[in-house]
Peer 1: 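Below is the structure I would like to discuss, written out as structure tokens.
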Amino acid sequence: MPPTRRLLVRRESFPIRGAFRISRGSKTAAEVVVAEVRDEDGFAGRGECVPYARYGESVDAVVGELEAMADRVADGLGRLSLRTAMKPGAARNALDCALWDLEAKRTRVPAWILAELPAEPRALTTCFTLSLEEPEIMAAAARQAAARHELLKMKLTGDGDLERVHAVREAAPGARLIVDANEGWTLDHLVRYAPAFATLGVELIEQPLPAGDDEALRGYRCPVPLGADESCHGLASLERLRGLYQVVNIKLDKTGGLTEALLLKSAAEAAGFKVMVGCMVATSLAMAPAVLAGQGAAFVDLDGPLLLAEDRTPGLRYDGALVHPPEPELWG
């Protein structure tokens with residue numbers, strides 16, 4: 001008989017350094033939910049998620065979804081069964097990652113081996129995100145960040161974005177640039193901005209249009225690769241993105257955990273997409289499993305802990321633009 005297991009759920013809040021703004025609004029704290037699965041032998045696995053209002057989630061609702069799984073977890077629910085027992089989203093992500101961590105702790109086999117990755121994880125170059133602000137403020141932030149980060153990701157919103165990108169490029173002439181509109185543009189914005197962004201060396205435009213307006217991209221030849229974020233969730237969302245986007249942004253809070261993220265990554269690459277592995281603003285516990293998914297990805301955006309006033313301890317090790325794989329004390 002497998003050891004008896006118990007699910008513990010808690011909510012935690014981590015202040016953000018200053019405020020973090022995107023096209024939909026701003027936040028001053030990362031409100032996260034942690035799922036912890038303990039067994040009678042004293043082993044424990046943890047996973048962290050960020051409930052996201054854009055997808056109809058709240059902290060209270062996610063806590064409720066997780067607490068409703070307590071009996072299933074006690075009965076031995078596994079990661080593969082979890083994919084059908086819960087819908088994709090933040091709650092499933094926290095529990096899925098907790099089960100990965102518990103298995104790694106119990107078996108003393110690192111999660112990357114359990115995941116059958118081809119090689120031991122290496123440090124990854126992550127974007128550093130510039131919060132949406134007026135051009136001069138974003139330029140000052142870029143000037144400071146470029147000393148340590150070679151790849152900058154700009155949050156944009158619509159009108160005034162060309163001025164923002166010009167200002168950042170002038171402030172950080174040697175930096176690589178990605179821009180993210182978070183569904184804040186119209187097709188007119190994209191058509192007007194993309195040629196100038198290509199000239200300015202922008203390497204990727206993330207989610208220019210609202211997810212429901214994706215079909216407007218069909219047939220449009222953008223001079224900068226387009227990335228699907230809000231339009232890309234789990235495996236079921238992949239097929240309709242063909243012909244619209246060249247890159248898919250995989251986030252564990254959208255896929256509902258590392259299990260689905262790895263399946264989505266494999267399917268996306270087989271379908272000819274490049275992969276970006278991203279994150280919500282959260283602590284190192286949320287980033288740790290995403291570091292596994294990020295191995296070999298074309299773009300990695302796992303800077304969430306760098307945006308916090310203080311990360312949890314122990315956390316991931318960041319050396320400038322590099323994020324190192326997690327130590328077992330943190331996760332996996």
Side-chain angles (χ1 to χ4, degrees), residues 20-27 30 49-57 88-90 93 126-132 151-158 161 165 177-187 189-190 193-194 197 202-218 220 222 224-257 260-261 264-265 267-269 271 273-282 286-287 290 293-294 297-304 307:
F20 185 73
R21 295 180 178 85
I22 67 172
S23 61
R24 281 189 292 272
S26 66
K27 59 193 302 185
C49 71
V50 179
Y52 201 40
R54 168 64 180 81
Y55 306 132
E57 297 174 334
N93 176 35
T126 179
C127 303
F128 183 80
T129 305
L130 304 179
S131 175
L132 174 64
L151 180 58
L152 302 180
K153 174 174 170 174
M154 300 179 58
K155 291 294 188 178
L156 298 180
T157 187
D161 284 343
V165 177
L177 294 183
I178 290 172
V179 302
D180 184 2
N182 284 115
E183 304 180 282
W185 289 359
T186 64
L187 184 61
H189 285 119
L190 178 60
Y193 291 157
F197 286 2
V202 172
E203 299 181 21
L204 177 67
I205 297 172
E206 269 193 83
Q207 199 67 44
L209 309 182
D213 296 343
D214 282 336
E215 277 300 314
L217 299 174
R218 197 170 299 281
Y220 170 61
C222 187
V224 179
L226 299 176
D229 182 356
E230 285 85 350
S231 293
C232 179
H233 291 260
L235 279 168
S237 66
L238 190 61
E239 181 60 32
R240 73 177 191 84
L241 303 179
R242 291 175 183 264
L244 305 178
Y245 296 95
Q246 294 74 53
V247 180
V248 293
N249 188 344
I250 298 173
K251 294 178 180 175
L252 273 62
D253 276 316
K254 294 186 300 176
T255 64
E260 180 96 359
L264 176 58
K265 181 184 178 186
E269 291 174 338
F273 292 98
K274 290 186 177 181
V275 168
M276 179 178 195
V277 173
C279 67
M280 308 301 186
V281 182
M287 304 302 121
F299 300 98
V300 172
D301 179 17
L302 298 178
D303 64 344
L307 305 176

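What you see below is based on every heavy atom in this structure, not just the backbone, and it leaves out hydrogens, waters and symmetry mates. Remember, it's a predicted structure, so these values are computed and weren't measured experimentally.
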Peer 1: Which label fits Trp185 and Tyr193: parallel for a plane angle under 30°, tilted from 30 to 60°, or perpendicular past 60°?
Peer 2: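 Answer is perpendicular, since the angle exceeds 60°.
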Peer 1: Is the shortest side-chain heavy-atom distance between Val248 and His233 below 4.5 Å?
Peer 2: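 A side-chain contact under 4.5 Å is absent here.
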Peer 1: Arg242 side chain to Phe273 main-chain N or O, any donor-acceptor pair under 3.5 Å?
Peer 2: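 Checked: no pair found.
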Peer 1: So, for Ala211 and Arg54, which heavy atoms are closest and what is the spacing to 0.1 Å?
Peer 2: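 Looking at all heavy atoms of both residues, the shortest contact is CB-NH2, 3.9 Å.
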Peer 1: Considering residues at least two apart in sequence or located in another chain, which fulfil the salt bridge (charged side-chain N to carboxylate O under 4.0 Å, His left out) criterion with Glu269?
Peer 2: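 Testing Glu269 for salt bridge (charged side-chain N to carboxylate O under 4.0 Å, His left out), a comparison that skips the adjacent residues, returns none.
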Peer 1: Mind checking what makes salt bridge (charged side-chain N to carboxylate O under 4.0 Å, His left out) contact with Asp303, not counting sequence neighbours?
Peer 2: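 So Asp303 forms no salt bridge (charged side-chain N to carboxylate O under 4.0 Å, His left out) with any residue.
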Peer 1: Would you name the heavy atoms of Gly89 and Glu57 that are closest together and state the gap between them?
Peer 2: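 Closest heavy-atom pair between Gly89 and Glu57: CA-OE2, 3.6 Å.
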Peer 1: Of the options Asn182, Thr129, Asp161, which is the one that meets Lys155 in a side chain to side chain donor-acceptor pair (under 3.5 Å)?
Peer 2: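 That would be Asn182.
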Peer 1: Can you tell me how far apart CG (Leu177) and NZ (Lys153) are? Round to the nearest 0.5 Å.
Peer 2: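 Rounded to the nearest 0.5 Å, the CG-NZ separation comes out at 13.0 Å.
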Peer 1: To the nearest 0.5 Å, what is the distance between CZ on Phe299 and CD on Glu206?
Peer 2: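 Answer for the CZ-CD pair, Phe299 versus Glu206, is 9.0 Å.
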Peer 1: Verify, without hydrogens or angle tests, whether Thr157 (side chain) and Gly184 (backbone) share a donor-acceptor contact under 3.5 angstrom.
Peer 2: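 No.
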Peer 1: Using a strict cut-off of less than 4.0 Å between a Lys/Arg side-chain nitrogen and an Asp/Glu carboxylate oxygen, indicate whether Lys251 and Asp229 qualify as a salt bridge.
Peer 2: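 Judged by the 4.0 Å cut-off on N to carboxylate O distance, Lys251 and Asp229 do form a salt bridge.
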Peer 1: Look up atom CG in Leu130 and atom CD1 in Ile178, then write down how far apart they are to the nearest 0.5 Å.
Peer 2: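 Leu130 atom CG to Ile178 atom CD1 measures 11.0 Å (nearest 0.5 Å).
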Peer 1: Looking only at heavy atoms, what is the nearest atom pair of Leu302 and Thr126, with distance?
Peer 2: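 In terms of heavy atoms, the two residues are closest at N-OG1, 2.8 Å.
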